[in-house]
Amino acid sequence: MAMWIQAQQLQGEALHQMQALYGQHFPIEVRHYLAQWIECQLWDSVELDNPVEEAKAKRLLDNLVSELQRKAQLQGGEDGFLLKIKLGHYANQLKSTYDRCPLELVRCIKHILHSEQRLVQEATNASSGGGGQAMDSLSQRHQQINQSFEELRLATQETENELRKLQHSQEYFIIQYQENMRIQAQLSSLSTLPPAERTQRETALQSKRTTVETWLTREASTLQKYRLDLSEQHQKTLALLRKQQTLILDEELIQWKRRQQLSGNGGPHEGGLDVLQSWCEKLADLIWQNRQQIRRCEHLTQQLPLPGPMEELLSKLNSDITDIISALVTSTFIIEKQPPQVLKTQTKFAATVRLLVGGKLNVHMNPPQVKAVIVSEQQAKALLKNESTHSESSGEILNNNCVMEYHQATGTLSAHFRNMSLKRIKRSDRRGAESVTEEKFTVLFESQFSVGGNELVFHVKTLSLPVVVIVHGSQDNNATATVLWDNAFAEPGRVPFIVPDKVMWPQLCEALDMKYKAEMHSGRGLSEDNMVFLAQKAFTSSSNNPEDFRNVSISWAQFNRESLPGRNFTFWQWFDGVVELMKKHLKPHWNDGAILGFVNKQQAQDMLLSKPNGTFLLRFSDSEIGGITIAWVAENPNKQGERLVWNLLPYTTKDFSIRSLADRISDLNHLLFLYPDRPKDEVFAKYYTPPLSKAVDGYVKPQIKQVVPEFTTPKSEPSGGTPSFMDQTASPSISHPSSFGVYPSMSDTMLDAEGDFDLEDTMDVARHVDELLRRPMANQWSSQQS
């Protein structure tokens, strides 16, 4: 209810905008009497484009109607009688309106609540400016645009008043002109009268005619001046309209599209289109009013031709105003929800196209159809040059036609493509080292409709953000690199889809940080030390100084075409592997600050040797895509008194799908402190898997445990059987009961003296483990107990 209380405090234009949100589709009385109930419902949890959500929307509708009926029944007394009837009527009205389309009710209420929130926020920002806090640049721009609209409204009203005056003056002029013609006719008929009477009447008529003709001559000059003055006022208004339209379309709308593109890299959401639509609708309304005024001026000129340049002036004004409205209509046909930028063939995808001025221009009275086709980069260039590409496409999209629907509650006209699928793709000849995952396509949406009773016909089209088409999931990694580079470094108004081949390293860092934070759903992004680590990897540098990389550029080839020295993968493939591993399995640990990650082997050694034995850290593997390893400091078992830093064989997604990182760390009891000095259970205990339940019906559940032979303490079986490698050393903060290991003792040395794995020995162990896993569990138990 807090939002409704604040909304009622709005004043002026904001209050008018808030009141305009309500009507027969959703009465303001319903909002008022059910304010608390409405604001407590989870409207945002309903996905409007998902038909499956209709059942959830239906429940919300039924609950709303029930709540209204209950509220109506509570009304009593003389004052409550009319309200009781009114609320009952609204309950029936909402039921009949939305019973077959409950998702539209949710769309309507979401639009109302978001609009109220925006209006309240804008009012709060404006009022806080006087309290010592200056309005931000966004509020200032919005204020400037609203002030310009007020100027345009006043200018349009003034030309309307002047046009009416001109019309009245011209109508009176025509009456007087007809009077002059009548006098002329009377003079012509005097020849039939006797001379004496004729002379007397002729003198009077001549005098009257002279007076009228003098007035007509003077008034004709005045009318011409009125017309020229009105044309001059229209020219000024059109200049203001152009300026306002340029500000909205070439700045605000372009900025929205840029935010939409960056959101593909994980940037902040582009924001709603409601404010932009309200501005575009105001523009459309003012442009149409001025166009109608100019048309009326043309009619007046044709009705009473007068010598002068008016015909040419009005023709120019009419042409200019038509160009302005054409630019508005074609520019506001936009993609609200972009198709996926990595597009896999034979896979369903969705997109939404919206015409921001559709409702204002009544385009929905004859709903237009929108068609989607996929075109290549070269075809997109030809389209923007207005070269003929009729019927040309680079593939076949199923379910690619959709009729635009008008949502009265929100005033939006949009086409929702819900079930498109790319059946096939036609690739072009590639250049040089370019791979299929570097080839860019785009989805072209086009439609045709008329406004003003077929007075103006528009053929509109808009291109999606570039998409990379793949046929197999293995191509996703490289396709994502192409999309990230394009989204990050595309210039507004570029020729499709040109991007720089080189960018400055800090620019790329910004893009990588944006992507990383989005995937982690965290404010903890990449630190300056992390950036230095990445720079060392990208440029094969050993410098630890961030300033050494400030003015260094990185090319696309270095980013994702050329392999890193001594590796069979690129810089991006390594980074993306880290991101995939983290978001699938390790996101909570990153957000807790438990993973340092971007640390090389030498740095880890330097950091750990200054800490007590059992201190460990987690770092990303340099040699394996999507790998993370544990490095820890401990005594060298082969040399008394010597301390070494050991590195465990990197874990990957496959490992964590079997046993989580927290459980693996719990298994290794020689790991005591997470770097620098945090007891490991303090950090990871909340993620440990609870102990297995006791045996049921005589069956004992098996348990997988991780062991590192060099760092385990054998524990004798009660029956004198084979020992298990289970270290019984207690953790500093929480002690866990011991449990039996599944696997028998292995004497193979897995770690060498420098803390690295011996590959051949490791493979022997792996084969042994694999063999055990393939045995029936009963056999494993029997071998353990024998």
Side-chain angles (χ1 to χ4, degrees), residues 12-23 25-26 107-108 111-112 114-116 118-119 122 141-157 160 237-238 240-257 271-293 321-336 352-368 404-415 447 449-452 455-456 458 460 462:
E13 177 63 18
L15 178 61
H16 176 73
Q17 288 183 40
M18 189 269 285
Q19 291 170 337
L21 297 171
Y22 299 94
H25 59 280
F26 196 82
R107 188 189 305 275
C108 168
H111 171 70
I112 287 172
H114 290 166
S115 298
E116 285 180 356
R118 172 180 58 80
L119 290 169
E122 288 177 357
R141 285 206 316 274
H142 287 196
Q143 187 178 41
Q144 176 189 349
I145 289 170
N146 290 331
Q147 286 175 348
S148 297
F149 272 125
E150 182 62 19
E151 291 175 23
L152 281 164
R153 187 189 68 79
L154 293 173
T156 302
Q157 185 61 52
E160 176 64 28
T237 303
L238 262 59
L240 285 174
L241 281 169
R242 271 202 194 90
K243 182 179 178 182
Q244 182 79 328
Q245 184 160 296
T246 298
L247 182 61
I248 292 170
L249 299 184
D250 294 352
E251 292 188 30
E252 296 295 328
L253 184 56
I254 293 297
Q255 287 178 19
W256 181 88
K257 289 182 177 180
L273 283 165
D274 292 343
V275 174
L276 272 169
Q277 175 162 316
S278 69
W279 290 341
C280 292
E281 286 180 337
K282 285 181 182 179
L283 271 173
D285 195 28
L286 289 164
I287 293 169
W288 198 256
Q289 286 182 46
N290 279 273
R291 187 172 187 274
Q292 294 303 98
Q293 289 179 13
I321 197 78
T322 302
D323 288 344
I324 292 173
I325 197 167
S326 295
L328 177 65
V329 171
T330 54
S331 297
T332 53
F333 182 66
I334 63 172
I335 303 172
E336 182 176 11
T352 301
V353 180
R354 182 164 162 182
L355 181 63
L356 297 182
V357 295
K360 181 60 67 174
L361 296 178
N362 293 322
V363 175
H364 59 282
M365 302 303 289
N366 185 18
M404 298 195 89
E405 299 174 359
Y406 181 67
H407 306 281
Q408 186 178 4
T410 57
T412 59
L413 183 69
S414 54
S447 181
F449 52 84
S450 61
V451 298
E455 191 179 324
L456 294 173
F458 295 102
V460 295
T462 185

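Every heavy atom of this structure was used, including side-chain atoms; hydrogens, water molecules and symmetry mates were not. Keep in mind it's a predicted model, so treat the numbers as computed, not measured.
Summarising the geometry of Met404 relative to Val353, their closest heavy-atom pair is CE-O, 4.0 Å, with the distance given to 0.1 Å. What you find for Lys257 and Ser331 is that their closest heavy atoms are NZ-O, 4.5 Å. Heavy-atom minimum distance, Ser115 versus Asp274: OG-OD2, 3.9 Å. When every heavy atom of Val329 is checked against every heavy atom of Leu355, the shortest pair comes out as O-CD1, 3.7 Å. Of all heavy-atom pairs spanning Tyr406 and Gly359, the tightest one is CE1-CA, 3.8 Å. The minimum heavy-atom distance between Trp279 and Glu252, with the atom names listed, is CZ3-CG, 3.8 Å.
Using a 4.5 Å heavy-atom cutoff, the side chains of Ser414 and His407 are in contact. You'll find the side chain of Thr156 stays beyond 4.5 Å of the side chain of Glu160, heavy atoms only. Between Asn366 and Phe449 there is no side-chain heavy-atom pair separated by less than 4.5 Å. Phe458 has its side chain within reach of Ser326: a pair of non-hydrogen atoms, C-beta onward, lies under 4.5 Å apart. For the pair Leu273/Ile334, a side-chain contact is recorded, criterion being any heavy-atom separation below 4.5 Å from C-beta on. Taking 4.5 Å as the limit, every side-chain heavy atom of Ile248 sits out of range of all side-chain heavy atoms of Lys282. By the 4.5 Å heavy-atom criterion applied to side chains, Ile321 and Ile287 are counted as neighbours.
Within 6.0 Å of CD in Gln289 there are more than 12 heavy atoms belonging to other residues, nucleotides or ligands.
Listed for the Gln244 side chain is a donor-acceptor partner under 3.5 Å among the backbone atoms of Ile145. Of the possible donor and acceptor atoms, one in the side chain of Gln245 sits under 3.5 Å from a partner among the backbone N and O of Ile324. Under a 3.5 Å cut-off, the side chain of Asn290 and the backbone N or O of Leu286 do form a donor-acceptor pair. Judged by distance alone, the side chain of Gln277 and the main-chain N or O of Gly411 form a donor-acceptor pair under 3.5 Å.
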With salt bridge (charged side-chain N to carboxylate O under 4.0 Å, His left out) as the test, would you mind laying out the steps for Arg242 and Asp250 before giving the verdict? CA-CA 11 Å; Arg242 271 202 194 90; Asp250 294 352; over 6 Å; no
When you look at Leu152 and Thr237, which way does the side-chain contact (heavy atoms from CB on, under 4.5 Å) test go after all the steps? CA-CA 7 Å; Leu152 281 164; Thr237 303; 4.2 Å; yes
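Note that the CZ atom of Arg291 and the CG atom of Leu456 stand 4.5 Å from one another [nearest 0.5 Å]. Note that CD of Glu336 and CH2 of Trp256 are 6.5 Å apart. Values are rounded to the nearest 0.5 Å. To the nearest 0.5 Å, the span separating CD1 on Ile325 from CH2 on Trp288 amounts to 5.0 Å. Note that OG of Ser450 and CG of Asn362 are 11.0 Å apart. Values are rounded to the nearest 0.5 Å. In this structure, the separation between OG1 on Thr246 and CG on Leu253 is 12.0 Å, given to the nearest 0.5 Å.
With Leu249 as the fixed residue, the side-chain contact (heavy atoms from CB on, under 4.5 Å) test singles out one of Thr332, Leu356, Ile254, Thr330: Thr332.
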